[in-house]
Amino acid sequence: MLATAAVKEHADSVEILEAHEPPAGPEPRTGVPQAPHIHRLQAGGAEAIEALLSGSIGLLTAAGAHRIPVTTDMVIYSPEGWYRRRQHATHYVTTASQVSRTAYYARRTGSPGPRPLRDIELTEQITAVHAHSRGTYGVPRVHPVLRRERAGG
C-alpha cells in the first residue's frame, strides 16, 4: 500500500495484484509468515510513511505502538559495538509488537472482528447474571450459570 501511495501522483491508475486471495477477516494471509515479533520503525521511515499516508503513526500509537527515544532510553548493540548514549535522542523508533491482528483489521475494515464482538456479548451476559443475583455472584457462580444457559438449560 505504501508503494501505491508513493506512485499514485505519477500514474493514471495503480493496480494491486495479490498472489493469494486476501482473507475475509483477521486470519493470517496465505503465504505470509505470521508470528509474534517486534517491528522497528526508524524516524526517517516514520516520517516517510506519514508523508505518504497522513495519520498512520497516530493510528499505530493509538493501537498500542510505542515511540521510544533511541540512544537515551534504549541500549543498542551493533556489529561495530555499542551505540553511544547521548543526552538527547538522535532518532525515534516505533515498536508495534502489541498491535493485534484484531486492532489492525478493525482499523482496515472499519468494524470490529468476531472476537471483540463475542467479548461484548459475553460481557453483557456476565453483567446480566451478576445483576440478576443482585450483585452477589462472582466468577465461581457466574461461570456455571453461563454454561447452563449455553446448553439450553
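These values consider heavy atoms only, across backbone and side chains, with no hydrogens, waters or symmetry-generated copies. Being a predicted model, the structure only gives us computed values, none of them experimental.
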Anything under 3.5 Å between a donor and an acceptor, one on a side chain of residues 44-51, the other on a protein residue two or more places apart or in another chain? List them.
unit_1	atom_1	unit_2	atom_2	d
Glu50	OE1	Ser56	N	3.3
Glu50	OE1	Ile57	N	3.0
Glu50	OE2	Gly55	N	2.5

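The shortest non-hydrogen separation linking Leu52 to Ala6 is CD2-CA, 3.5 Å.
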Evaluate the criterion side chain to side chain contact (heavy atoms under 4.5 Å, CB included) for residue pair Arg150 and Gln125; output intermediate values, then yes/no. CA-CA 11 Å; Arg150 286 191 180 153; Gln125 292 170 348; 3.6 Å; yes

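With values rounded to the nearest 0.5 angstrom, Thr4 atom OG1 is found 10.5 Å from Glu15 atom CD.
Listed by chain and number, the hydrophobic cluster partners of Val14 are Val7, where partners are ILVMFWY side chains within reach of under 4.5 Å, directly or through others. Val129 shares a hydrophobic cluster with Leu122, Ile126, Tyr137, Val142, Val145, Leu146; the chain of contacts runs through ILVMFWY side chains whose heavy atoms sit under 4.5 Å apart.
Partners of Glu9 according to the side-chain hydrogen bond (donor to acceptor under 3.5 Å, both in side chains) rule, which considers only residues two or more places apart in sequence or in another chain, do not exist here. Scanning for side-chain hydrogen bond (donor to acceptor under 3.5 Å, both in side chains) contacts around His143 gives Arg147, with sequence neighbours left out.
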